[in-house]
There are 2 protein chains.
Amino acid sequence: MNTETAKKFLPEETSLYDLAELYKIFGDSTRIKILYALFEFDLSVGELCEILNMTQSAVSHQLRVLKNAKLVKYRKLGKSVIYSLADSHVKTILDQGMEHINE
Amino acid sequence: MNTETAKKFLPEETSLYDLAELYKIFGDSTRIKILYALFEFDLSVGELCEILNMTQSAVSHQLRVLKNAKLVKYRKLGKSVIYSLADSHVKTILDQGMEHINE
DNA sequence: TAAACATATGAATATTTGTTCATATGTGGA
DNA sequence: TCCACATATGAACAAATATTCATATGTTTA
């Protein structure tokens, strides 16, 4: 095999890097739980804490990661902040992964 | 929102954990490069080193991760070990992710 | 306006993880 | 059989990351 030829088939370095970054975000069960919860309902930070049974700080930190990745968005409602999915594409991706592990 | 109701919509704890583990594997650009290279050709460890421009040890360690996750398989050929994709599903998953980042 | 509440943030810590270095293992050719 | 080659592996190290703790920020309501 001519390895120079094989190199030409690889995507751009930046694409590969970005793709890894995207999957890194899904690579944590806390964040996956948050996303699954948001598939069904828009939820406040406090509600997410109850659902995940985790501290407010831990949840907030992870929400920031998801927010930076533009996977979730938020709106303010009274004293609360309501989070929701930013992108329906995310569900497709996670469903695909779920399908894989259930083979 | 009744958070007890929301909890019922979450997948099993073990599923969520396994899903995170799967994405963790994709969350590294070295492993993604290996997978993309194997989409096109079956390759020996040495060839992968050339293509990725990485040391034999680093590549071998990552191949083990991919092997443990059953994403790649291997066969022996003379002194070499030839790696190939274990599962065509993997390409679908990465393509989906690639589609997302190119939005 | 003061107090109570909801959320965000920064520092510290512990754990995980990717690469390197050194070396072990195993196979084919001379 | 002995050597050269290809790959695997273990320990060490550095970097990244998730959670906790303490506290800051900002908003509502009494």
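Chain identifiers are assigned alphabetically (A, B, ...) following the order of the sequence lines, protein sequences preceding nucleic acid strands; residue numbering begins at 1 within each chain.
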- Query: Who passes side chain to side chain contact (heavy atoms under 4.5 Å, CB included) against A/Asn102, sequence neighbours left out?
  - Reply: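 By the side chain to side chain contact (heavy atoms under 4.5 Å, CB included) rule, A/Asn102 matches A/Met98.
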- Query: Which residues pass the side chain to side chain contact (heavy atoms under 4.5 Å, CB included) test with B/Leu43, sequence neighbours left out?
  - Reply: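 Result, side chain to side chain contact (heavy atoms under 4.5 Å, CB included) vs B/Leu43: A/Met1, B/Ala37, B/Leu38, B/Phe41, B/Glu47, B/Leu48, B/Ile51.
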- Proximity to DNA chain C (any heavy atom under 4.0 Å), residues of residues 14-30 of chain B only: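 Only B/Lys24, B/Asp28, B/Thr30 qualify.
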- Task: Decide yes or no, distance alone: a donor-acceptor N/O pair under 3.5 angstrom between the base of D/dT17 and the side-chain of A/His61.
- Result: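 No.
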- Stem list, DNA chain D (Watson-Crick or G-U pairing under 3.5 Å, at least 3 consecutive pairs):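 Listed by first number, the stems are C:1-30 with D:1-30.
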- Task: Find the distance between NE2 (A/His61) and CE (A/Met54) and round it off to the nearest 0.5 Å.
- Result: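 Atom-to-atom, A/His61:NE2 and A/Met54:CE are 10.5 Å apart.
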- Residue met sooner reading DNA chain D from 5', once A/Ala58 and B/Tyr74 are mapped to nucleotides: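 Mapping each residue to its closest nucleotide by heavy atoms, the 5'-most match is B/Tyr74.
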- Determine which pairs satisfy salt bridge (Lys or Arg N to Asp or Glu O under 4.0 Å) with at least one residue from residues 93-103 of chain A, sequence neighbours left out, and list them in order.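 Listed by first then second residue: A/Lys91-A/Asp95.
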- Query: Which residue pairs pass the salt bridge (Lys or Arg N to Asp or Glu O under 4.0 Å) test with at least one member in residues 58-80 of chain A, sequence neighbours excluded?
  - Reply: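 Counting only pairs at least two positions apart or across chains, the salt bridge (Lys or Arg N to Asp or Glu O under 4.0 Å) contacts touching residues 58-80 of chain A are A/Asp42-A/Arg75.
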- Rounded to the nearest Å, what distance is computed from the CG atom of residue A/Leu66 to the P atom of nucleotide D/dT17?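 After rounding, the gap between these two atoms is 14 Å.
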- Item | First and last nucleotide of DNA chain C, 5' to 3', lying under 4.0 Å from heavy atoms of chain B |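 Both ends considered, the range comes out as C/dT17 to C/dG28.
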What side-chain donor-acceptor pairs closer than 3.5 Å can you find for residues 10-22 of chain A, not counting sequence neighbours?
| from | atom 1 | to | atom 2 | distance (Å) |
| --- | --- | --- | --- | --- |
| A/Glu13 | OE2 | B/Lys33 | NZ | 2.9 |
| A/Glu21 | OE2 | A/Lys24 | NZ | 3.0 |

- B/Ser57 or B/Val65, whichever maps to the more 5' nucleotide of DNA chain C: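 Per heavy-atom nearest nucleotide, the more 5' residue is B/Val65.
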- Message: Give the residues of residues 31-55 of chain B touching DNA chain D, defined as any heavy atom closer than 4.0 Å, sorted by residue number.
- Response: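 Here the set is B/Ser44, B/Val45, B/Gly46.
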- Which residues pass the ring-ring contact (aromatic ring centres under 6.0 Å, His included) test with A/Phe26, sequence neighbours left out?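 Applying ring-ring contact (aromatic ring centres under 6.0 Å, His included) to A/Phe26 gives B/Tyr23.
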- Item | ring-ring contact (aromatic ring centres under 6.0 Å, His included) partners of B/His89, counting only residues at least two apart |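 With neighbours one apart ignored, the set is A/His100.
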Between the protein and nucleotides 27-29 of chain D, are there any N/O to N/O pairs under 3.5 Å, and if so, what are the atom names and distances?
none

